[in-house]
There are 2 protein chains.
Amino acid sequence: MRYRKIPDEAVWRLPMYLRGLLLSLEKSQETISSQELADFFGVHPWQIRKDFSYFGAFGTPGVGYKVKKLSTQIKKILNLHVSHKAVLVGAGNLGAVILAYPGFKIYGFEITAVFDNNPQKIGQKIENISIKDVSKLSLIKRQKIDLGIIAVPRKAAQEVADRLVEMGIKGILNFSPCRINVPKKVKVITIDIAMDLARLPYYIPSS
Amino acid sequence: MRYRKIPDEAVWRLPMYLRGLLLSLEKSQETISSQELADFFGVHPWQIRKDFSYFGAFGTPGVGYKVKKLSTQIKKILNLHVSHKAVLVGAGNLGAVILAYPGFKIYGFEITAVFDNNPQKIGQKIENISIKDVSKLSLIKRQKIDLGIIAVPRKAAQEVADRLVEMGIKGILNFSPCRINVPKKVKVITIDIAMDLARLPYYIPSS
DNA sequence: TTTAATCTGTGAACGTAAACACAAGTTGAA
DNA sequence: TTCAACTTGTGTTTACGTTCACAGATTAAA
Ligand SMILES: NC(=O)c1ccc[n+]([C@@H]2O[C@H](COP(=O)([O-])OP(=O)(O)OC[C@H]3O[C@@H](n4cnc5c(N)ncnc54)[C@H](O)[C@@H]3O)[C@@H](O)[C@H]2O)c1
Ligand SMILES: NC(=O)c1ccc[n+]([C@@H]2O[C@H](COP(=O)([O-])OP(=O)(O)OC[C@H]3O[C@@H](n4cnc5c(N)ncnc54)[C@H](O)[C@@H]3O)[C@@H](O)[C@H]2O)c1
């Protein structure tokens, strides 16, 4: 395939497709067509085929895609073919939910370290992982951890992010409702569910 | 201003701008320029001005925007000038975090009802709201609730969504990692933090 | 009042992504 | 072997969003 710029949007959608594929895989489905996959998410089949085409040709005309093969391919594209370790900072209520969420596993993520600054929490265990003192964050250098999850109060978020970057973290999932500044090479995704909710009323005809 | 189609992306960004404005308001800042606001989020000032321009002219050349006035305007645009009531279904770990999250308040949201199907949980209180039996969901018809939050296991998500639609809910924030089918008039936003995390490794050079 | 500095609002140019349409590959039945 | 049904992959067209560049409004200082 000729080189062409890959739209960020296409990359953005791949994890969605992957989830659908892994679900089909669980159901022992062997092949899937772009049409089937599209129905699954309420998108158009040509969108999916186009998205895949940026990365190569994975399907068989007249048949569709081998579910197993395609999911492996997408994992490779997304760099999810190797499992990733993540560190969680902030073992509060949200932190506990994140640790308990089984959804990370299908993408090959594992949260292997948890830190907090509250003496009451340090030493305790959640989901079999013992909470460590955030001042000893450098412990993670020994492990191969490349992702960080921030679940601390807003005021502490930037400071924690700086420390994570120091430790060589390459990507951050930030739950504090604020922007955090990091070097360009570090990718940050910030999630604020209140902001997401705030997008709904616009589409609701005011009564 | 002439009519022009408003990009969904512009609407999508407004809640972000609004958060910045409300933060400035807290700091008693009176006016703000598109440049300042842009620096706050790491976007370009012309993007912000353009986004606003789809809805009208809110600023003063040479001065900038009145923080108070602009935030009021954006709230109106987003239909957030009236406070919205939301119902939460699923009083598990995630549900508790959502109830405890103070971030909803600045957008004028209030979670006024909580439902579950676990007899152990029904009757208990979280954050001063007593958990009710989901089979009595129709209780919300008396209140003016237009938003629903789904925090139940995946298998129950569609069923809960159907019930919420029956009760006249107009927008749904869905935390179950699956697509839910609703009538077109109902807007759904699905959040899966694992999927968000899965978007990071692509940008991380594989070692 | 004039001038310089500042900042908004927006038409127009530009770039990118979505949608389309179809050639070509595959399968299975006749 | 032929044909019909099906499905992919992609060049092209169309639609949309972003960026640019500047006219015009406002302010403060001279
Ligand atoms: N993005 C969302 O959708 C969402 C939802 C709920 C909460 N939140 C945010 O997530 C964050 C945590 O929420 P929560 O409900 O778990 O709060 P919490 O108070 O229960 O937990 C915060 C934890 O962070 C720890 N902490 C504080 N400062 C720290 C530091 N410098 N280093 C390490 N640990 C530190 C505290 O000891 C506590 O255990 C808050 O910023 C909150 O606003 C976000
Ligand atoms: N989107 C995300 O980022 C994210 C993160 C964590 C969890 N989750 C998802 O959120 C959901 C809840 O997670 P959790 O950790 O709170 O799980 P949980 O088991 O602690 O809570 C689920 C609650 O839903 C209740 N419930 C089950 N069926 C119900 C029904 N039909 N009607 C009403 N209530 C019902 C249960 O009694 C329980 O209290 C799960 O689907 C989970 O996968 C999503």
Side-chain angles (χ1 to χ4, degrees), chain A residues 1-17 20-21 24 29-74 77 199 202-203, chain B residues 1-18 20-21 24 29-74 77 199 202:
Chain A
M1 197 196 65
R2 269 219 328 281
Y3 173 81
R4 214 181 322 171
K5 203 194 163 301
I6 293 166
D8 266 348
E9 277 79 2
V11 177
W12 186 260
R13 284 185 290 264
L14 288 185
M16 183 177 74
Y17 302 151
L21 288 169
S24 293
Q29 192 175 350
E30 295 219 338
T31 63
I32 195 168
S33 68
S34 57
Q35 180 68 64
E36 276 179 278
L37 206 48
D39 292 343
F40 203 82
F41 307 111
V43 300
H44 296 291
W46 55 74
Q47 173 86 83
I48 294 183
R49 293 203 302 272
K50 188 66 150 182
D51 284 347
F52 290 165
S53 83
Y54 293 116
F55 303 98
F58 306 121
T60 312
V63 181
Y65 303 90
K66 301 264 174 203
V67 178
K68 176 94 184 171
K69 186 182 158 200
L70 182 58
S71 57
T72 305
Q73 303 270 24
I74 296 185
I77 293 165
R199 285 169 183 139
Y202 176 83
Y203 300 96
Chain B
M1 197 197 65
R2 269 217 332 280
Y3 172 80
R4 213 183 321 172
K5 203 194 164 301
I6 294 165
D8 267 349
E9 279 78 1
V11 177
W12 186 260
R13 284 186 289 265
L14 287 185
M16 182 175 75
Y17 302 152
L18 181 56
L21 288 168
S24 293
Q29 191 175 349
E30 297 218 336
T31 65
I32 196 167
S33 68
S34 57
Q35 180 69 65
E36 276 178 278
L37 205 49
D39 292 342
F40 203 82
F41 307 111
V43 300
H44 295 292
W46 52 76
Q47 173 86 81
I48 294 182
R49 292 203 302 274
K50 188 63 155 183
D51 284 346
F52 289 165
S53 82
Y54 292 115
F55 303 97
F58 306 120
T60 314
V63 181
Y65 302 90
K66 301 266 176 205
V67 178
K68 175 94 184 168
K69 186 183 159 201
L70 181 57
S71 56
T72 305
Q73 303 269 26
I74 295 185
I77 294 165
R199 284 170 182 138
Y202 177 84

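Throughout, a chain's letter reflects where its sequence line sits, starting with A, and its residues are numbered from 1.
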- Give a yes/no on whether any side-chain N or O of A/Tyr65 is located under 4.0 angstrom from OP1 or OP2 of D/dG9. yes

- Query: Out of C/dT10, D/dT8, C/dA19, which nucleotide sits closest to the side chain of A/Lys50?
  - Reply: C/dA19

- Message: Please tell me if B/Ser34 has a side-chain N or O lying less than 4.0 Å from either OP1 or OP2 of C/dT8.
- Response: yes

- Message: Without decimals, in angstroms, what is the distance between B/Ile6 CD1 and C/dT10 C1'?
- Response: 15 Å

- Interatomic distance, A/His44 NE2 vs D/dT14 P [rounded to whole Å]: 18 Å

- Spacing between B/Tyr54 atom OH and D/dT19 atom C1', to the nearest angstrom: 11 Å

- Item | DNA chain C: 5'-proximal contact among B/Ala57 and A/Ala10 (nearest heavy atom) | B/Ala57

- Message: Please identify which of these residues, B/Glu36, B/Glu30, B/Arg49, meets the side-chain contact (heavy atoms from CB on, under 4.5 Å) condition with B/Tyr65.
- Response: B/Arg49

- Could you give the CG-to-P distance, from B/Leu37 to C/dT6, as a whole number of Å? 20 Å

- Just how far, in rounded Å, is P of D/dT10 from NZ of A/Lys5? 18 Å

- Closest contact, heavy atoms only, A/Ile77 versus B/Tyr202: O-CD1, 3.3 Å

- Remember a base hit wins even if backbone is also touched, and classify B/Phe52 as base, sugar-phosphate or nothing at under 4.0 Å, heavy atoms. nothing

- Between A/Asp8 (CG) and D/dG17 (P), how many Å, whole number? 17 Å

- Query: Looking at B/Gln47, does any N or O in its side chain come under 4.0 Å of the phosphate oxygens OP1/OP2 on D/dT19?
  - Reply: yes

- Answer yes or no: is there a donor N or O on one side and an acceptor on the other, between the side chain of B/Gln47 and the main chain of B/His44, under 3.5 Å? no

- Distance in angstrom units between B/Ile48 CD1 and C/dG9 P, rounded: 12 Å

- Query: Taking the side chain of A/Trp46 as its heavy atoms from C-beta onward, which of C/dA19, C/dT10, D/dT27 lies nearest to it?
  - Reply: C/dA19

- Task: Please examine the side chains of B/Leu14 and B/Phe55, heavy atoms only from C-beta on, and report whether any two atoms are closer than 4.5 Å.
- Result: yes

- Item | Distance, rounded to the nearest Å, where A/Phe55 contributes CZ and D/dG9 contributes P | 14 Å

- Taking every non-hydrogen atom, the tightest pair across B/Ala10 and B/Asp51: CB-OD1, 3.4 Å

- Go through D/dC20, D/dG17, C/dT27 for me and flag the one nearest to the B/Glu9 side chain. D/dG17

- Could you work out which one of D/dT19, D/dT26, C/dT26 sits closest to the side chain of A/Val63? C/dT26

- Starting from the 5' end of DNA chain C, give me the residue, A/Pro61 or A/Arg49, whose nearest nucleotide shows up first. A/Arg49

